[in-house]
Amino acid sequence: MASLRTKLTVQLQKTLKELCDNGTLACDPPAIFLTPTKQASHGDYACSAAMALAKPLKAKPRDIAMKIQGALGNANGLLEKTEIAGPGFLNFFVAKEAWHQALAEILDAGDAALCSDLGAGEKVLVEYVSANPTGPLHIAHGRGAVTGDVIAKLLVKAGYKVEREYYVNDLGHQTDILGRSIYLRYAELLGRSFVTPEDFYPGEYVIDIARTLVEEFNEKFLDAPEAEWLDDFRERGIKWMLGRIREDLAAFGVEFDNWVSEKELTARVGLEGVIDRLQKAGHVYEEEGKRWFRTTDLGDDKDRVVVREDGRTTYFASDIAYHDDKMSRGFNTLINIWGADHGGYIARVRAGLAALGYDPKDLEVILVQMVSLSRDGEAVKMGKRLGTAVWLADVIEEAGRDATRYFFVMRRSESQLEFDLALATKKSLDNPVFYAQYGHARLCALAQKAVDKGVPEPTLGPGALDPLVLPEELDLIRAMDKAPDVIADAARAREPHQVVHYIQDMIAGFHSYFSQYKNTEKVVSDDADKTRARLLMCRALRNTLAGLLGILGVSAPERMDFEAEPGEEGGVTE
RNA sequence: GCGCGAUUAGCUCAGCUGGAUAGAGUGUUGGCCUCCGAAGCCAAAGGUCACAAGUUCGAAUCUUGUAUCGCGCGCCA
């Protein structure tokens, strides 16, 4: 759906092209954009094109603005008037009728009201989480999970064809450590004592896995050499962990189209082929018995080993193969959501793509900064190796799925996130998800109020929206109208937090409107025409809000339970 | 040392390809419930946009340098 701003931009572009074509403006048509204004006296949208053109045209900005103003007219009925202000701003005042028309279109569009065709069907692959199956998901994985999930949803709304993918590192040294850790716990459960080696996963979950192996194998491997049990222990450990990771993600509302196993992928494509291609392109050399990829030629800090002395390939080698596989599946854009601690990895993966003949810019990496968790005002130290990680599942249980998801995308990815569990569970507006959900519930209550009073179901007919003339009502329509723009912008920038702020603004506008007129211009009143118009507006608002919350994966409750503490069972009624 | 990220109100943070008087929440202070949901609303107070140069009609935004904090710098993943 096109917003009014988009329609007006199109009109303005058309006008400028005409002015340039007929010589009124002796230049090429400039790229223009409309900005929403900050104050009502500046109209609804402003454009600074005249100022930008002043220098190349060697003319006064205000004179240029006047020419544009005259040629634009009422922009096909969209505008009530255009004013020239300040150094040369064009301030556009949208006609009431155009807002009513916009609202009618929003109501007609239904779910499509949030959509745009920015992506034009382009294929995008979003890879996120991809946590090693050597331990449960912790809180930082959670942030990456929601970030990826919401970016994927935004891209879908913005007209991209999206696939979501989890890359499972089910090969390598770390998985061996998992297998050995399980074995030590297995032996312990069978009465043996042990000292923990340096490479060891200390988490409780390892004991849970070991318990299943005691059940399966009894004492079969108790004194057996490693070669006899390692494969079984490793594979069962990975399978168990992956099962738990899937459960945690499902409980969090995070889903994937594909789970790509490193083990299966490398078996299928064969790393030798990929390394040969690197070699043929002249990027591989041998030294000290190892095969190196000269990534320094392609923007990396140092060269990287792809094949070790003993012939085993490195993780990096399979990651090159994985990204090659992604590109070969026809994606124009690869978006990877990584933790900030993987930042140093970007250059070498890009180098891999470049060496294989792809444009390295097609890989975008969103680095999600760390989450610092505090509980009751005290910082909680994190350390996966120390077993002091905070599991995502525990956080969700404590704060609730809605609040947790909302918190994780509230801030820009580049900002470190302060996650205060006490705050997230608190019944206050520090916890903005409740504010937004409350707004939705209030809109539902309004609709119910109308039903209770015997007001007929409002229908959209000619002139039905004409009674909407209060400035706050027009503001609300304007807020809704820009939804496809906000989503497209957020999708383009890969910035979920923009949606959060948009929701907050829209809800604040509604609460303000509601409170201000609760004793005068009520939504449900004795005036049938006004009631119908306002109920229609509220319906659009409710739909918009529900759609936005849906993008965040946060529920839009029809009622809020006032008694229960948020975060506990029943705190939010679906 | 090098790379990436951050630095904006007491606190937590927005600020959209450079635009008009830098915003929101929270906290503080003071007002609103015979009301369609007060988990709400309204108002006040609160700023050297880390610092310094530069680019131009115009900089929180772009460039360079400095400072402080976080992350990374493995033939782990």
Side-chain angles (χ1 to χ4, degrees), chain A residues 31 33 35-39 41-42 46-48 51-52 54-55 61 85-89 91 130-132 134 169 171-175 177 199 262 288 290-292 300-302 304-310 312-319 339-347 365 367 369-370 372 410-418 420 423 427-432 434-435 437-439 441-442 444-450 452-453 485-486 489-490 492-493 495 497-498 500-501 504-505 508 510-519 522-525 531 534 538 559-560 562 566:
Chain A
F33 52 93
T35 52
T37 57
K38 288 169 188 164
Q39 37 178 312
S41 65
H42 294 154
C47 180
S48 59
M51 276 130 65
K55 195 170 186 183
F89 287 103
N91 289 336
S130 296
N132 292 345
T134 52
N169 301 126
L171 272 185
H173 189 53
Q174 299 294 334
T175 60
I177 295 173
D199 286 331
E262 180 186 358
E288 300 167 5
K290 303 152 201 166
R291 297 177 76 189
W292 297 73
D300 198 7
D301 292 341
K302 52 184 86 167
R304 311 288 171 177
V305 171
V306 285
V307 184
R308 301 173 173 98
E309 244 172 315
D310 60 8
R312 285 153 53 231
T313 52
T314 60
Y315 171 77
F316 178 43
S318 39
D319 219 19
D341 54 342
H342 286 60
Y345 206 75
I346 298 173
V365 180
L367 284 185
Q369 292 293 321
M370 298 291 142
S372 57
M410 229 165 33
R411 308 300 181 213
R412 299 153 63 218
S413 303
E414 297 83 11
S415 292
Q416 292 187 30
L417 177 70
E418 191 148 316
D420 187 337
L423 217 59
K427 188 167 88 171
S428 88
L429 295 180
D430 279 340
N431 202 344
F434 292 116
Y435 183 77
Q437 289 179 319
Y438 175 59
R442 211 177 202 185
C444 294
L446 265 179
Q448 187 57 44
K449 180 85 184 178
D452 293 347
K453 288 183 85 169
D485 289 348
V486 171
D489 286 346
R492 183 176 14 228
E495 290 186 347
H497 77 276
Q498 290 189 21
V500 175
H501 289 278
Q504 294 298 312
D505 284 349
F510 168 65
H511 283 311
S512 178
Y513 165 70
F514 182 90
S515 300
Q516 189 172 342
Y517 293 109
K518 66 197 294 183
N519 295 320
K522 292 182 174 189
V523 172
V524 181
S525 68
T531 298
R534 288 171 181 160
C538 286
R559 288 192 333 230
M560 304 290 280
F562 281 71

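This one's a predicted model, so the numbers in the text were calculated from it and none came from an experiment. Here is the naming used below: chain letters follow the sequence lines, and residue numbers restart at 1 for every chain.
Nucleotides B:A20 and B:U12 are separated by 27 Å at their P atoms, to the nearest Å. With both ends at atom P, the span from B:A39 to B:U34 equals 15 Å, rounded to whole Å. With C1' as the reference atom, B:G58 and B:U68 are 30 Å apart, rounded to whole Å. On the C1' atoms, B:U63 is 27 Å away from B:G23, given to the nearest whole Å. Here, B:U21 and B:G25 have their P atoms 22 Å apart, quoted to the whole Å. B:G15 and B:G19 are spaced 13 Å apart, taking the C1' atom of each and rounding to whole Å. Here, B:G46 and B:G3 have their C1' atoms 38 Å apart, quoted to the whole Å. Remark: the separation of the P atoms in B:C33 and B:C13 is 36 Å, to the nearest Å.
Here A:Tyr435 reaches the OP1 or OP2 of B:C41: one of its side-chain N or O atoms lies under 4.0 Å away. Of the side-chain N and O atoms in A:Arg304, none sit less than 4.0 angstrom from OP1 or OP2 of B:G74. OP1 or OP2 of B:C36 has at least one side-chain nitrogen or oxygen of A:Lys522 nearer than 4.0 Å. The shortest distance between the side-chain N/O atoms of A:Lys55 and the OP1/OP2 oxygens of B:C57 is below 4.0 Å.
The distance from atom CG of A:Asp485 to atom C1' of B:C16 is 11 Å, rounded to the nearest whole Å. Separating the OH atom of A:Tyr513 from the C1' atom of B:C35 is a distance of 15 Å, rounded to the nearest angstrom. For A:Ile346 and B:G72, the CD1 to C1' distance is 10 Å, given to the nearest whole Å. Between the P atom of B:G23 and the CD atom of A:Gln504 lies a distance of 19 Å, rounded to the nearest Å. Going from atom CZ of A:Phe514 over to atom P of B:C36 covers 9 Å, rounded to whole Å. Taking atom CG of A:Asp319 as the reference point, atom C1' of B:G74 lies 15 Å away to the nearest angstrom. Rounded to an integer number of Å, the gap from A:His342 NE2 to B:G74 P is 14 Å. A:Glu262 has its CD atom 7 Å from the P atom of B:A77, to the nearest Å.
Applying the side-chain contact (heavy atoms from CB on, under 4.5 Å) rule to A:Glu495 yields the partners A:Ala493, A:His497, A:Gln498; only residues at least two apart in sequence or on another chain are considered. Take A:His173 and apply the ring pair (Phe, Tyr, Trp, His ring centres under 6.0 Å) test, not counting sequence neighbours, and it matches no residue. Applying the side-chain contact (heavy atoms from CB on, under 4.5 Å) test to A:Ala46 and every residue at least two apart in sequence or in another chain returns A:Thr35, A:Thr37, A:Asn91. A:Ile346 pairs by the side-chain contact (heavy atoms from CB on, under 4.5 Å) definition with A:Trp338, A:Arg350, A:Val365, A:Leu367, not counting sequence neighbours. The side-chain contact (heavy atoms from CB on, under 4.5 Å) search around A:Lys55 returns none, not counting sequence neighbours. In terms of the side chain to side chain donor-acceptor pair (under 3.5 Å) criterion, residue partners of A:Thr531 (sequence neighbours excluded) are, by chain and number, A:Ser525. For the ring pair (Phe, Tyr, Trp, His ring centres under 6.0 Å) test, residues two or more places apart in sequence or in another chain that qualify with A:Tyr517 are A:Tyr513. Under the side chain to side chain donor-acceptor pair (under 3.5 Å) criterion, A:Asn519 pairs with no residue at all, not counting sequence neighbours.
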Provide a list of protein-nucleic acid N or O atom pairs under 3.5 angstrom, restricted to nucleotides 19-22 of chain B.
residue : atom : partner : partner atom : Å
B:G19   : N7   : A:Ser48 : OG           : 3.4
B:A20   : OP2  : A:Lys38 : NZ           : 2.9
B:A20   : N6   : A:Asn91 : OD1          : 2.5
B:A20   : N1   : A:Asn91 : OD1          : 3.4
B:A20   : N1   : A:Asn91 : ND2          : 3.1

Pairs under 3.5 angstrom, nitrogen or oxygen only, protein versus nucleotides 8-14 of chain B, please.
residue : atom : partner  : partner atom : Å
B:U12   : O2'  : A:Arg411 : NH2          : 2.7
B:C13   : OP1  : A:Gln416 : O            : 3.3
B:C13   : O2'  : A:Arg411 : NH1          : 2.9
B:A14   : OP1  : A:Arg412 : N            : 2.9
B:A14   : OP1  : A:Ser415 : OG           : 3.4

Show the distances under 3.5 angstrom between N or O atoms of the protein and N or O atoms of nucleotides 42-47 of chain B.
residue : atom : partner  : partner atom : Å
B:C42   : OP1  : A:Ser512 : OG           : 2.9

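In secondary-structure terms, RNA chain B builds stems of at least 3 consecutive Watson-Crick or G-U pairs, each pair having both distances under 3.5 Å, at B:1-7 with B:67-73, B:10-13 with B:23-26, B:28-32 with B:40-44, B:50-54 with B:62-66.
The residue A:Ala340 sits close only to the backbone: its heavy atoms come under 4.0 Å of sugar-phosphate atoms, none of a base. Nucleic acid contact for A:Lys449: sugar-phosphate only, since backbone atoms but no base atoms lie under 4.0 Å from a heavy atom of the residue.
Comparing B:C71, B:C73, B:A77 by their nearest atom to the side chain of A:Lys302 picks out B:C73. Closest to the A:Glu414 side chain, of the nucleotides B:A6, B:G15, B:A77, is B:A6. With B:C71, B:A77, B:C16 as the choices, the nucleotide that has an atom nearest any side-chain atom of A:Asn132 turns out to be B:A77.
Note on ring orientation: taking the six-membered ring where Trp is involved, the planes of A:His511 and A:Tyr438 are parallel (angle under 30°, cut-offs 30° and 60°). The aromatic rings of A:Tyr345 and A:His342 sit perpendicular to each other, their planes meeting at more than 60°, with 30° as the lower class boundary.
Residue-to-nucleotide proximity on RNA chain B shows that, of A:Asp301 and A:Asp489, the 5′-proximal contact is made by A:Asp301. Mapping A:Asn519 and A:Phe316 onto RNA chain B via the closest heavy atom, the residue that lands nearer the 5' end is A:Asn519.
Using a 4.0 Å cut-off between charged side-chain N and carboxylate O, A:Asp489 and A:Arg492 make a salt bridge.
Under a 3.5 Å cut-off, the side chain of A:Arg411 and the backbone N or O of A:Gln416 do not form any donor-acceptor pair. At least one donor-acceptor pair closer than 3.5 Å links the side chain of A:Arg304 to the backbone N or O of A:Lys302.
Under 3.5 Å, the side chains of A:Ser318 and A:Glu262 contain a donor-acceptor pair of N or O atoms.
With its glycosidic angle within 90° of 0, B:C33 is assigned syn.
Using a 4.5 Å heavy-atom threshold, the side chains of A:Phe89 and A:His42 count as separate.
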### Full working for side-chain contact (heavy atoms from CB on, under 4.5 Å) between A:Lys453 and A:Val524
CA-CA 9 Å; A:Lys453 288 183 85 169; A:Val524 181; 3.8 Å; yes

